[in-house]
*Asks:* 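Supplied in structure tokens, the structure appears directly below.
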Amino acid sequence: MERTFILLKPDCTERGLIGRIISRFEEKGLRLVAMKMLRVTPEVAKKHYAEHLEKTFYPGLEAFITASPVVACVLEGPEVVRVVREMVGATSGLKAAAGTIRGDYSSSRQMNLVHASDSVESSGREIAIYFTPSDMHDWDPALACWLQAPSEA
Ligand code: CMP
């Protein structure tokens, strides 16, 4: 089963939206297999956002992502990387479609509430920055038989 990484950012914590946003993924039927509250350090920010280090917005992004605690999670499900990206919506809350998390709760390009991996390769890299293998919990929800037909599993 595919896994993806999400990070509920400092604006999510400060605005009291952690529960509401986690609920959307749970209600979709995705499985939480790891979850941790932490403070991102400048070193972790540089690893996580390595591809943006040279961008003009990076200093502001680092100041933002280290400003308050965040919640890191790993979600599991069929095609979960694509499904979660679609649920999260376009980078800017001003452009994200209504019905997506950013479209419903964000009006900012930087303060867009939640990060989600953009590919299976990125999810593996990002999960390894925030979690160790012993943080992962394999489990089978009793309701799994009502979420997908056996032929889809
Ligand atoms: P995320 O999906 O976590 O990936 C990189 C983050 O950088 C992005 O969400 C935004 O928080 C931030 N970001 C992307 N583009 C810009 C921009 N042009 N200006 C400021 N922040 C940005």
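The structure presented is a predicted model; accordingly, all values stated were derived computationally and were not measured. Each residue takes its place number in the sequence, starting with 1. Counting starts at 1 for both ligands and their atoms, in listed order.
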*Asks:* I want to confirm something. Looking only at heavy atoms, which of R109, M111, Q110 is nearest to atom 18 (N) of ligand 1?
*Replies:*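 Considering heavy atoms of R109, M111, Q110, the nearest to atom 18 (N) of ligand 1 sits in R109.
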
*Asks:* Charged N to carboxylate O below 4.0 Å: is that the case for D118 and R125?
*Replies:*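 Looking at D118 and R125, the cut-off is not met.
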
*Asks:* Suppose we measure from atom 12 (C) of ligand 1 to each protein heavy atom; which comes out shortest, and what is that distance?
*Replies:*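 Minimum-distance protein heavy atom for atom 12 (C) of ligand 1 reads L61 CD1, 3.9 Å.
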
*Asks:* At a non-hydrogen distance cut-off of under 4.0 Å, which region of R102 contacts ligand 1 (side chain, backbone, both, or neither)?
*Replies:*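 Within the 4.0 Å criterion, R102 contacts ligand 1 through side-chain atoms alone.
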
*Asks:* Select one of side chain, backbone, both or neither to describe which atoms of K55 lie under 4.0 Å from any atom of ligand 1, heavy atoms only.
*Replies:*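 Contact part for K55 vs ligand 1: neither.
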
*Asks:* Are the aromatic ring centres of Y58 and Y49 under 6.0 angstrom apart?
*Replies:*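 No, too far apart.
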
*Asks:* Using a 3.5 Å cut-off on N or O atoms only, is T91 in polar contact with ligand 1?
*Replies:*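 N/O-N/O distance below 3.5 Å does not exist for this pair.
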
*Asks:* Considering only the protein, which heavy-atom contact is closest to atom 8 (C) of ligand 1, and what is its distance?
*Replies:*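 Here the closest protein heavy atom is N112 ND2, 3.6 Å.
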
*Asks:* List the steps and the verdict of side chain to side chain contact (heavy atoms under 4.5 Å, CB included) for F25 and I101.
*Replies:* CA-CA 10 Å; F25 297 118; I101 292 168; 3.5 Å; yes

*Asks:* Less than 4.5 Å apart, any side-chain heavy atom of R109 and any of L94?
*Replies:*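 R109 does not reach L94 side chain to side chain.
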
*Asks:* For S134 and T132, does a side-chain donor sit closer than 3.5 Å to a side-chain acceptor?
*Replies:*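 Indeed, the side chains of S134 and T132 share at least one donor-acceptor pair under 3.5 Å.
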
*Asks:* Closest non-hydrogen protein atom to atom 4 (O) of ligand 1, residue and atom name please, with distance?
*Replies:*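 Going atom by atom, the protein heavy atom closest to atom 4 (O) of ligand 1 ends up being Y49 CE2, 3.6 Å.
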
*Asks:* Which ligand 1 atoms does H52 reach within 4.0 Å, using its non-hydrogen atoms?
*Replies:*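 Taking each heavy atom of H52 in turn, ligand 1 has 5 (C) under 4.0 Å.
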
*Asks:* Once you round to the nearest 0.5 Å, how far does CE of M87 lie from CZ of R102?
*Replies:*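 Interatomic distance, M87 CE to R102 CZ, rounded to 0.5 Å: 12.5 Å.
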
*Asks:* Give yes or no for whether the N/O distance cutoff of 3.5 Å, strictly under, is met between R85 and ligand 1.
*Replies:*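 Between R85 and ligand 1, no N or O pair is found under 3.5 Å apart.
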
*Asks:* I need the nearest protein heavy-atom contact for atom 13 (N) of ligand 1: residue, atom name and distance, please.
*Replies:*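 Looking only at protein heavy atoms, the one closest to atom 13 (N) of ligand 1 is F57 CE1, 3.6 Å.
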
*Asks:* Tell me whether the rings of H115 and F5 are parallel (<30°), tilted (30 to 60°) or perpendicular (>60°).
*Replies:*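 Judged by the thresholds at 30° and 60°, the geometry between H115 and F5 is tilted.
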
